[in-house]
Novice: 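A single structure is presented below for examination.
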Protein chains: 4
Amino acid sequence: MPRPPGHGPGYEIKRQEIIDQAAALFAKHGYAATGIAELGQVAGLAKGALYYYIGSKENLLVEIQDRVLGPLLTAARQIAALDEDPVLRLRLLSETLLGNILARLDHIWVYEHDYRHLRGANRARLLRQRREFEKIVLDLLAEAMESGAFRRLDPRLAMLQFLNLHNHTYQWAHRDGQWDAEFLSREYCATLFSGFCNSGYDVAGLEKRLADYRDRSSA
Amino acid sequence: MPRPPGHGPGYEIKRQEIIDQAAALFAKHGYAATGIAELGQVAGLAKGALYYYIGSKENLLVEIQDRVLGPLLTAARQIAALDEDPVLRLRLLSETLLGNILARLDHIWVYEHDYRHLRGANRARLLRQRREFEKIVLDLLAEAMESGAFRRLDPRLAMLQFLNLHNHTYQWAHRDGQWDAEFLSREYCATLFSGFCNSGYDVAGLEKRLADYRDRSSA
Amino acid sequence: MPRPPGHGPGYEIKRQEIIDQAAALFAKHGYAATGIAELGQVAGLAKGALYYYIGSKENLLVEIQDRVLGPLLTAARQIAALDEDPVLRLRLLSETLLGNILARLDHIWVYEHDYRHLRGANRARLLRQRREFEKIVLDLLAEAMESGAFRRLDPRLAMLQFLNLHNHTYQWAHRDGQWDAEFLSREYCATLFSGFCNSGYDVAGLEKRLADYRDRSSA
Amino acid sequence: MPRPPGHGPGYEIKRQEIIDQAAALFAKHGYAATGIAELGQVAGLAKGALYYYIGSKENLLVEIQDRVLGPLLTAARQIAALDEDPVLRLRLLSETLLGNILARLDHIWVYEHDYRHLRGANRARLLRQRREFEKIVLDLLAEAMESGAFRRLDPRLAMLQFLNLHNHTYQWAHRDGQWDAEFLSREYCATLFSGFCNSGYDVAGLEKRLADYRDRSSA
DNA sequence: TATGAATGAGTCTTCATTCAT
DNA sequence: CATGAATGAAGACTCATTCAT
């Protein structure tokens with residue numbers, strides 16, 4: 001969303017760079033404790049020029065949140081709409097979520113810690129998006145219960161367990177960690193689905209069906 | 001850590017009150033975004049008197065972290081030392097952890113969000129304590145694997161799953177929520193241990209054994 | 001209106017001093033062009049301490065406007081309520097107005113030039129007070145017409161002439177000028193009332209009646 | 001004062017447009033509180049191009065003052081040089097002055113409020129021109145006294161009354177107001193001259209003589 | 001002619017902290 | 001014990017102005 005009208009071709013590129021740098025700083029020190037001066041130093045820009053790009057500090061926060069929630073929601077909506085077993089879709093969603101987390105660890109730090117510094121409309125929009133994501137997870141879990149794959153659980157508590165397990169990952173994961181999204185997703189889902197599924201359900205077969213799905217969709 | 005020597009009898013009481021109020025404020029707005037002035041207003045004290053009690057803003061943070069980790073570590077050490085099945089001990093640890101989280105939600109917010117504002121020795125001490133807690137969980141999980149209850153998993157990943165699931169709870173729990181620590185612990189452990197245990201292990205019997213243990217120890 | 005609760009005895013005194021100094025600076029350079037730093041230098045206070053007294057820059061403007069309009073409105077209401085010839089009351093009002101202008105030239109500069117920098121409620125309140133003052137003048141002029149002393153004029157235009165003549169005085173008057181409020185009021189009223197009155201009205205006798213009134217009310 | 005040599009034909013036209021827009025903005029928010037960026041937006045020009053036309057912000061102020069004082073002084077000089085009764089010339093000057101005020105209300109706002117933001121030579125020149133205008137009024141009043149039309153008044157105080165009454169008009173007049181310059185001039189002069197003239201002088205006949213003069217000079 | 005990008009001093013305001021009383 | 005008063009660095013942000021293109 002390029003703000004003011006009339007900007008040169010390099011504007012948006014530089015702007016995105018600055019948002020990257022801001023995300024790194026916010027992740028490290030927290031949004032409130034990061035000064036605009038510090039960001040200027042990192043960006044190699046005087047304060048005036050900085051504001052030419054960022055508009056305001058809160059605006060940076062908005063952009064960072066959008067970078068997290070935008071792709072995530074898009075992917076989640078697509079996955080939810082697939083004509084596949086709900087458990088498989090949960091597994092896909094899990095991997096997408098973890099992929100997003102691991103790919104942009106600093107963005108996630110900010111996303112998880114500093115959303116409360118958003119005000120007014122920005123905050124409302126964020127919360128709406130968060131709720132939409134949670135709803136997608138909730139609905140998939142409910143579907144999995146209806147399909148007989150999962151036991152009758154409190155769907156909300158199931159969703160919260162799903163999110164707890166995934167979303168807390170940013171706290172200890174680090175760039176170039178030993179585990180990638182695929183591995184973590186397999187492990188997390190193995191744990192969750194063992195707990196959630198009916199005795200009759202073939203948890204072990206899930207990874208096989210995932211591979212099949214991937215063959216099909218890449219074909 | 002009562003500061004200088006020579007304090008009246010009410011000193012420590014008032015000091016603890018102020019730390020309570022600080023925790024509430026820090027949880028609400030974040031440590032960095034909370035002003036000492038705000039705290040003074042809530043405490044009904046002018047700045048001078050406030051500093052007489054708190055020493056410094058960072059000191060408040062230290063105290064809050066201690067209130068979380070002190071009791072938690074004490075309890076964790078005791079549980080780890082029990083002469084019981086490691087799985088049962090994990091279940092006990094889980095409930096204790098959740099009990100602490102739910103009992104002091106605002107402290108946990110601060111503990112999770114703002115420990116990075118600690119500097120130097122305070123920070124080092126905190127990290128040491130966190131690692132000790134993680135080590136206790138790790139060792140219990142390893143014991144459970146050795147005992148044959150759990151499959152051979154990467155113990156570190158198992159520990160991280162355990163902590164993810166528990167520690168992220170503060171994000172959505174609220175005072176007087178519908179679920180208490182016992183219930184959540186049962187649910188979380190059911191999920192985790194279903195995923196972790198060997199096919200031969202009697203997960204369902206865990207709660208029974210827990211009840212037995214409680215009968216014994218209260219007797 | 002001392003703002004925050006709990007201030008020492010010297011607080012209000014110092015606060016009033018600072019407002020004085022602010023009025024002088026605002027009058028000289030204009031509100032918008034005067035920096036808080038400048039005020040701090042004049043007051044001999046660091047910025048922090050300054051804000052301890054002033055609250056905000058706009059608040060200074062509010063106080064200055066109040067110092068002008070408060071006493072003026074009080075006096076105007078009293079004069080309007082007197083049981084005297086409306087022309088005499090206009091003459092009294094004129095002198096009061098000029099007295100206020102000459103006594104606080106710098107406040108008047110700010111009052112006349114910078115009221116538009118007030119926002120929201122502050123601005124609304126100011127405009128209400130200004131209109132009240134204008135209404136008092138208007139009503140007195142209308143009364144004077146009804147009493148037969150003045151010709152049938154457009155009362156609004158008469159009021160505007162009255163205010164033009166008086167209110168523009170701040171532009172050229174200076175402290176210790178050669179003319180005091182009494183003299184200027186006599187001259188201004190002589191001019192205005194010559195133009196306004198009916199041929200039968202005894203303009204020249206007004207000053208005599210004023211002297212009588214003053215004898216009476218001081219007795 | 002067109003700046004550097006070598007400008008295209010449209011330069012001066014656009015430049016005048018920009019000064020118009022600047023006057024409107026300055027009148028609305030005050031010179032100090034108006035940003036160059038705001039002006040650029042209104043003018044539809046980026047900052048670079050804007051500066052190509054305006055030279056500097058202070059220069060705009062100079063131009064606006066010149067637009068007020070230039071025509072006013074030219075007209076005042078011509079009127080003063082007429083071979084007519086000084087009272088008639090004062091009446092003509094009054095109408096010219098009011099015409100200028102009503103025709104360019106925003107320029108007058110700036111002229112009255114922001115001349116103090118001029119520095120050095122610009123300020124000196126402005127003050128010189130203001131004094132010249134005042135001198136013209138002063139001399140006409142003195143002439144009217146010498147001619148016996150007016151009483152022996154303090155000529156300076158008479159001039160100040162004349163200017164007060166006229167110059168404060170900008171404060172409440174607005175474009176398309178109910179009163180035009182001719183009407184206001186007639187009313188203002190009726191008031192002033194009633195107060196100033198000797199008992200023998202025929203104030204009421206002034207408008208008649210003005211009409212005669214206009215017949216003559218248009219013929 | 002006109003632009004977009006950059007500057008850096010300047011804007012108002014808040015901060016955690018200290019200390020004489 | 002407690003206060004009110006003071007500090008000065010730092011907070012986010014805007015300013016008029018310049019200049020390579």
Side-chain angles (χ1 to χ4, degrees), chain A residues 4-11 14-15 32-40 43-60, chain B residues 6-8 10-11 14 32-40 43-60, chain C residues 4-11 14-15 32-40 43-60, chain D residues 6-8 10-11 14 32-40 43-60:
Chain A
H7 278 304
Y11 178 84
K14 185 134 205 167
R15 189 161 162 276
T34 303
I36 286 291
E38 204 178 348
L39 177 55
L45 245 38
K47 266 182 270 191
L50 200 61
Y51 269 85
Y52 177 64
Y53 289 104
I54 67 173
S56 77
K57 194 185 174 187
E58 179 167 345
N59 195 45
L60 284 171
Chain B
H7 280 308
Y11 178 84
K14 184 125 205 168
T34 303
I36 287 290
E38 205 178 346
L39 177 55
L45 246 39
K47 298 225 193 103
L50 200 61
Y51 268 83
Y52 173 70
Y53 289 107
I54 67 173
S56 76
K57 193 184 174 187
E58 179 168 348
N59 195 46
L60 284 171
Chain C
H7 278 304
Y11 178 84
K14 185 134 203 167
R15 189 161 163 278
T34 303
I36 286 290
E38 204 178 348
L39 177 54
L45 245 38
K47 267 183 269 193
L50 200 61
Y51 269 84
Y52 177 65
Y53 289 104
I54 69 174
S56 76
K57 193 185 174 188
E58 179 166 345
N59 194 44
L60 284 172
Chain D
H7 280 309
Y11 179 83
K14 185 125 204 168
T34 303
I36 286 291
E38 205 179 346
L39 178 54
L45 247 40
K47 297 227 193 102
L50 200 63
Y51 268 82
Y52 174 70
Y53 288 108
I54 68 173
S56 77
K57 193 184 174 189
E58 179 167 345
N59 194 46
L60 284 170

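So that the names make sense, note that chain A is the first sequence line, chain B the second, and so on, each numbered from 1.
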Novice: How far apart are the closest heavy atoms of Ala43(B) and Leu50(B), and which atoms are they?
Specialist: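 Minimum heavy-atom contact is CB-CD1, 4.3 Å.
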Novice: If you find the nucleotide of DNA chain E closest to Leu45(D) and the one closest to Ala46(A), which residue's nucleotide is nearer the 5' end?
Specialist: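 Looking at the nearest nucleotide for each, Leu45(D) comes out on the 5' side.
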Novice: Of all heavy-atom pairs between Asn59(A) and Arg15(A), which one has the smallest distance, and what is that distance?
Specialist: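 In terms of heavy atoms, the two residues are closest at ND2-NH2, 4.3 Å.
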Novice: Using Watson-Crick or G-U wobble geometry with both distances under 3.5 Å, which nucleotide pairs with dA16(E)?
Specialist: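 WC or wobble partner is dT7(F).
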Novice: For dA2(F) and Tyr53(B) - does any side-chain N or O of the residue sit under 4.0 Å from the phosphate oxygens OP1/OP2?
Specialist: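 True: Tyr53(B) side-chain N/O within range (under 4.0 Å) of dA2(F) OP1/OP2.
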Novice: If I pick the P atom on dT21(F) and the same atom on dT1(E), what distance separates them, to the nearest angstrom?
Specialist: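 So the two P atoms sit 22 Å from each other.
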Novice: Does any nucleotide pair with dT21(F) by Watson-Crick or G-U wobble geometry, both distances under 3.5 Å, and what is it?
Specialist: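 Check on dT21(F): paired to dA2(E), both distances under 3.5 Å.
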Novice: Can you give me the closest heavy-atom contact between Lys47(D) and Ile36(D), atom names plus distance?
Specialist: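 Closest approach of Lys47(D) to Ile36(D): CD-CG2, 4.4 Å.
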Novice: Could you tell me the separation between the CG atom of Leu39(B) and the NZ atom of Lys57(B), rounded to the nearest 0.5 Å?
Specialist: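 Leu39(B) CG to Lys57(B) NZ: 9.5 Å, rounded to 0.5 Å.
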Novice: Rounded off to whole Å, could you give me the CG-to-C1' distance for the Asn59(D) and dA16(F) pair?
Specialist: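 Distance, rounded to whole Å: 14 Å.
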Novice: So Tyr52(D) and Leu45(D), do their side chains get closer than 4.5 Å, heavy atoms only?
Specialist: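 Result no, sub-4.5 Å side-chain heavy-atom pair not found.
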Novice: Polar pairs (N or O, both sides) under 3.5 Å between protein and nucleotides 13-16 of chain E?
Specialist:
| from | atom 1 | to | atom 2 | distance (Å) |
| --- | --- | --- | --- | --- |
| dT13(E) | OP2 | Tyr51(C) | OH | 2.4 |
| dT13(E) | OP2 | Lys57(C) | N | 2.8 |
| dT13(E) | O5' | Tyr51(C) | OH | 3.2 |
| dA16(E) | OP1 | Thr34(B) | O | 3.0 |
| dA16(E) | OP1 | Lys57(B) | NZ | 2.8 |
| dA16(E) | OP2 | Ile36(B) | N | 2.8 |

Novice: Let me know the distance between NE2 of His7(D) and P of dT1(E), rounded to the nearest Å.
Specialist: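 Whole-Å distance recorded here is 8 Å.
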Novice: Take the protein atom CG of Leu50(B) and the nucleotide atom P of dT18(E), then report the distance between them rounded to whole Å.
Specialist: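 Computing the Leu50(B):CG to dT18(E):P distance gives 13 Å.
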Novice: Without decimals, in angstroms, what is the distance between Leu39(B) CG and dT17(E) P?
Specialist: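 It works out to 12 Å between those atoms.
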Novice: Answer yes or no: does a side-chain N or O of Tyr52(B) lie under 4.0 Å from OP1 or OP2 of dT18(E)?
Specialist: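 For dT18(E), OP1/OP2 do not have a side-chain N/O of Tyr52(B) under 4.0 Å.
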